[in-house]
Amino acid sequence: MADHSKNFLVFPCQNINMESTAEPPFEETYKALIDSNKSSTVDMTLTTEIVEECELPLIDLSMLGLGESEREKCKAEIAKASQEWGFFQVVNHGISDEILVKMTSEQADVFKKSFHEKEMCFPAGTYRWGTPSATCLPQLSWSEAFHVPLIDISGLGDFTSISTTMEQFATTVSELAQKLAEILAEKLGHKPTFFIENCVPSTCYLRMNRYPPCPIHEISGLMPHTDSDFLTILHQDQIGGLQLVKDGKWFAVKPNPKALIINIGDLFQAWSNDVYKSVEHRVVTNKLEERFSTAYFLCPSYETRIQSCMEPSVYKQFSFREFRQQVQHDVKKLGYKVGLPRFII
């Protein structure tokens with residue numbers, strides 16, 4: 001449970017000989033869950049509901065470099081989307097197409113390596129797959145990931161090429177995350193330096209995700225959840241699969257090849273006293289095609305205390321460590337994350 005943003009996806013220890021194949025042993029490992037589903041009466045809404053496609057609010061960040069009226073309009077759009085959607089997408093964001101293309105290509109090459117190599121070549125605990133805490137099929141995530149603290153990127157051993165690309169990606173995306181966090185703080189009339197002081201490279205993370213083709217319709221790529229950080233910045237391919245809740249309904253996010261996706265995390269919702277929304281989202285599987293994405297998580301140190309920036313406060317004060325520990329406890333006991341409701345006053 002070292003993942004600070006999607007806390008249910010961790011590395012299960014398996015003694016399976018996977019020297020010659022790249023695929024994690026999903027079907028072998030979760031055979032009992034898959035078999036039990038055949039006679040289960042669990043409501044599989046993921047497979048039966050009709051999900052409409054939506055386009056997230058699109059914000060052109062080049063407006064921040066124009067006159068005062070354009071700047072303020074752009075900042076207002078960012079705040080409005082964070083309040084009403086909890087998600088938005090940005091273009092002219094400052095991350096070059098070259099870096100984004102290399103990021104997708106090189107992570108795909110790493111995921112093609114054998115399961116054994118993926119376990120062994122990155123630092124221990126970096127590679128994760130499946131959901132060992134799952135007690136029923138809807139809690140199983142059919143995906144694999146490398147979850148890498150920014151401070152560990154330069155020490156990735158045999159993966160020198162992708163290490164360089166990850167560093168370039170992380171450097172530029174970190175700057176973007178800080179810029180967006182400062183804008184959101186400013187729109188609340190709050191101290192914008194909070195994030196540069198508390199969300200430093202040693203506490204933030206990159207996560208490279210792969211969602212293999214899944215033959216079982218009832219299984220999600222990533223089960224419904226909210227993110228346990230301040231902000232997440234997502235670069236995804238054009239396969240699609242990301243869905244979010246808006247007005248009590250699930251919507252499928254239409255991929256935009258020119259945009260990065262931004263979403264508010266639990267810590268920002270608590271810090272903003274529920275002004276900005278951390279929205280439930282998920283990834284659905286595809287029977288035929290694999291999907292890749294790279295996510296950056298803006299996280300504070302474990303000791304950082306999260307306090308609502310206005311009164312009356314919706315949430316009691318808590319440290320990031322306390323929040324993580326509560327999430328881990330709930331996932332282990334219940335099979336899913338409860339999150340912010342645990343900290344309501």
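Using a 3.5 Å distance cut-off with no hydrogens or angles, the side chains of Thr104 and His235 do pair a donor with an acceptor. In the model, Tyr315 has a side-chain atom that pairs as donor or acceptor with a side-chain atom of Asp274 under 3.5 Å. Checking Lys332 against Ser133 by side-chain atom types alone, no donor-acceptor pair falls below 3.5 Å. Neither side chain, Glu289 nor Tyr211, offers a donor N or O lying under 3.5 Å from an acceptor on the other. In the model, Thr294 has a side-chain atom that pairs as donor or acceptor with a side-chain atom of Gln107 under 3.5 Å. Remark: the Thr304 side chain and the Ser301 side chain contain an N/O donor-acceptor pair separated by less than 3.5 Å. The closest side-chain donor-acceptor pair between His147 and Arg207 falls under 3.5 angstrom. For the 3.5 Å distance criterion, the side chains of Glu303 and Ser319 fail to qualify, holding no donor opposite an acceptor. The closest side-chain donor-acceptor pair between Thr135 and Gln139 falls under 3.5 angstrom. Tyr296 and Thr232 are not linked by any side-chain donor-acceptor pair at a separation below 3.5 angstrom, with hydrogens and angles left out of the test.
Annotation: Tyr276 is in aromatic contact with Phe268 [ring centroid separation under 6.0 Å]. Ring pair Trp271/Phe194: centre-to-centre distance below 6.0 Å. With ring centers used as reference points, Phe318 lies under 6.0 Å from Phe323. Checked against the 6.0 Å centroid threshold, Phe230 and Phe195 count as a close aromatic pair. For Phe146 and Phe111, the ring centers sit closer than 6.0 Å to each other.
With hydrogens and angles ignored, the 3.5 Å screen pairs a side-chain donor or acceptor of Gln178 with a backbone N or O of Cys199. A donor-acceptor pair under 3.5 Å is absent between the side-chain atoms of Ser141 and the main chain of Ser143, judged by distance alone. Remark: side-chain polar atoms of Thr203 are paired, donor with acceptor, to backbone N or O of Val200 under 3.5 angstrom. In this structure, Ser220 contributes its side chain and Val284 its backbone to no donor-acceptor pair below 3.5 Å. Listed for the His93 side chain is no donor-acceptor partner under 3.5 Å among the backbone atoms of Leu176. Put simply, the side chain of Asn263 never gets that close to the backbone of Gly86: no donor and acceptor are under 3.5 Å apart. In this structure a side-chain-to-backbone donor-acceptor pair under 3.5 Å is present from His281 to Val279. Side-chain N or O atoms of Ser163 include one that pairs as donor or acceptor with a backbone N or O of Ile153 at under 3.5 Å. Without hydrogens or angle criteria, Asp227 side chain to Asp229 main chain gives no donor-acceptor distance under 3.5 Å.
The side-chain contact (heavy atoms from CB on, under 4.5 Å) search around Leu288 returns Asn286, not counting sequence neighbours.
Note on Lys73 versus Glu70: no salt bridge recorded, every NZ/NE/NH1/NH2 to OD/OE distance being 4.0 Å or above. Of the charged side-chain nitrogens involved, at least one lies within less than 4.0 Å of a carboxylate oxygen, so that Glu144 and Lys118 count as a salt-bridged pair. Under a 4.0 Å N-O distance rule, the pair Asp60/Lys258 does not qualify as a salt bridge.
Under the 6.0 Å distance and 45° angle rule, Lys277 does not count as a cation-pi partner of Trp85.
When all heavy atoms are compared, the tightest approach of Arg291 to Gly240 is CD-O, 3.2 Å.
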Practice task
For salt bridge (Lys or Arg N to Asp or Glu O under 4.0 Å), just list the numbers for Glu77 and Lys80, CA-CA rounded to whole Å, side-chain angles, deciding distance to a tenth of an Å, and then say yes or no.
Solution key: CA-CA 5 Å; Glu77 288 176 354; Lys80 181 180 179 182; over 6 Å; no
Handout entry: Worked check of salt bridge (Lys or Arg N to Asp or Glu O under 4.0 Å) between Glu117 and Lys112
Key = CA-CA 10 Å; Glu117 286 180 295; Lys112 288 177 184 175; over 6 Å; no
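The aromatic rings of Phe26 and Trp129 stand perpendicular to each other, their planes meeting at an angle above 60°, with 30° marking the opposite boundary.
With Glu52 as reference, Lys249 is the one residue of Lys254, Lys246, Lys249 to meet the salt bridge (charged side-chain N to carboxylate O under 4.0 Å, His left out) rule.
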